[in-house]
Amino acid sequence: MVDEPSEPDATKLTTTKRKWASEGRFLTGRISRPETDRLPPGQHLVKNWPVLDLGQQPQISELQWRLDVKGEVETALSLNWKQFLDLPQNKLVTDIHCVTTWSRYDNSWKGVMTRDLLDIVHPTADANAVMMTSYDGYTTNLPLADFAAEDAVLATHWEGEPITREHGGPMRLVVPHLYFWKSPKWLTRIEFIREDRPGFWEKNGYHMRGDPWTEQRYSDD
Ligand SMILES: Nc1nc2c(c(=O)[nH]1)N[C@H]1C(S)=C(S)[C@@H](COP(=O)(O)O)O[C@H]1N2
Ligand SMILES: [Mo]
């Protein structure tokens, strides 16, 4: 007699991901594109990496640094630097599209996927968006599905080196499928909220979502 092969134990993580997939909860409508279609409309390619921010580039030591995750979650978190680095680490390569019309291909990142954070905090059924706050006072919002995109990463490294202070080190979010203002530098707080509401640029005329493929640059009103 040969033993029946048994199903491998489903970890809590895969269970959650399967549940999300079956609910279609985090579908972002992203589709893969052919190489010839890689540059969104109205964008041009750059080789350098421009620096854009409100003008204050906070210096955050690893001792001071914290990431608070709160609001509509089952398990709120307040992580120090070491605790953050103990989360699962991943590497990926993505393009950047800035609303000021530059795009930069093939940026390699290392950090914690937002999906892995979501597996720990478990947003409640009432969570529909996130509001993010940075050490320079910058805020920006994302619908939950965009925050949960499979390539969204809480990044600590770019091209194998720690992200520099001017680019948002020690940690910034990168949400590759939206304009880059949706990728807060020096991120310190992620609040899960019931209803999407505007952050800094969204209050100042930028679009609530910021999809580069449909040129969601500015809000209509
Ligand atoms: N904390 C913070 N994050 C921010 C900003 C900012 O002013 N403060 N500017 C946003 C904008 S408008 C852009 S285009 C990108 C620029 O990132 P970079 O300087 O690394 O290119 O950061 C985004 N994230
Ligand atoms: Mo920007």
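Keep in mind the model is a prediction, meaning the values are calculated, not measured. For ligands, and for the atoms within them, numbers begin at 1 and follow the listed sequence.
At least one N or O atom of P50 sits closer than 3.5 Å to an N or O atom of ligand 1. Residue L54 places at least one N or O, backbone or side chain, under 3.5 Å from an N or O of ligand 1. Distances between N or O atoms of D53 and those of ligand 1 include no value under 3.5 Å. Remark: ligand 1 and R172 share an N or O pair separated by less than 3.5 Å (distance only, no angle test).
Ring centers of W186 and Y135: at least 6.0 Å apart, outside the cut-off. Aromatic pair W181/F200: centroids not less than 6.0 angstrom apart.
Every atom of ligand 1 is numbered from 1 in the order shown, and the set under 4.0 Å from a heavy atom of C98 is 14 (S). Remark: ligand 1 atoms within the under-4.0 Å shell around heavy atoms of P184 are 3 (N), 24 (N). If you number the atoms of ligand 1 from 1 as listed, the ones under 4.0 Å from a heavy atom of S134 come out as 1 (N).
Ranking the protein heavy atoms by distance from atom 24 (N) of ligand 1 puts S183 O, 3.1 Å first. The closest protein non-hydrogen atom to atom 3 (N) of ligand 1 is K185 N, 2.9 Å. Shortest contact from atom 10 (C) of ligand 1 to any protein heavy atom: Y138 OH, 3.6 Å. W181 CB, 3.5 Å is the protein heavy atom nearest to atom 12 (S) of ligand 1. For atom 8 (N) of ligand 1, the nearest protein heavy atom (residue, atom name, distance) is D136 OD2, 2.7 Å. Among all non-hydrogen protein atoms, the one lying nearest atom 9 (N) of ligand 1 is L52 O, 3.5 Å.
Of the candidates F200, W201, F180, F180 brings a heavy atom nearest to atom 23 (C) of ligand 1.
Remark: distances from the non-hydrogen atoms of Y179 to ligand 1 are all 4.0 Å or more. Within the 4.0 Å heavy-atom cutoff, G168 does not count among the residues contacting ligand 1. Within the 4.0 Å heavy-atom shell around ligand 1 one does not find K182.
There is no side-chain donor-acceptor pair under 3.5 Å between S219 and H207. For the 3.5 Å distance criterion, the side chains of R172 and S183 fail to qualify, holding no donor opposite an acceptor.
Among D196, T214, N141, D146, the one residue that satisfies the side-chain hydrogen bond (donor to acceptor under 3.5 Å, both in side chains) test with R209 is D146.
Judged by the 6.0 Å distance and 45° axis criteria, R217 is not positioned over the aromatic ring of Y206.
When non-hydrogen atoms are compared, ligand 1 lies under 4.0 Å from the side chain of W186 (C-beta onward) but not from its backbone.
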Query raised in the report: Could you walk me through whether R115 and D119 pass the salt bridge (Lys or Arg N to Asp or Glu O under 4.0 Å) check?
Result: CA-CA 6 Å; R115 291 244 168 143; D119 278 331; over 6 Å; no
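Judged purely by atom type and a 3.5 angstrom limit, Q216 uses its side chain to pair as donor or acceptor with the backbone of D211.
Environment of CD in E74: crowded, with over 12 heavy atoms of neighbouring residues, nucleotides or ligands closer than 6.0 Å.
Aromatic ring pairs are classed by plane angle as parallel below 30°, tilted from 30° to 60° and perpendicular above 60°; the pair W49 and W158 is tilted.
Nearest heavy-atom pair, Q56 versus P58, reported as atom, atom and distance to 0.1 Å: O-CD, 3.2 Å.
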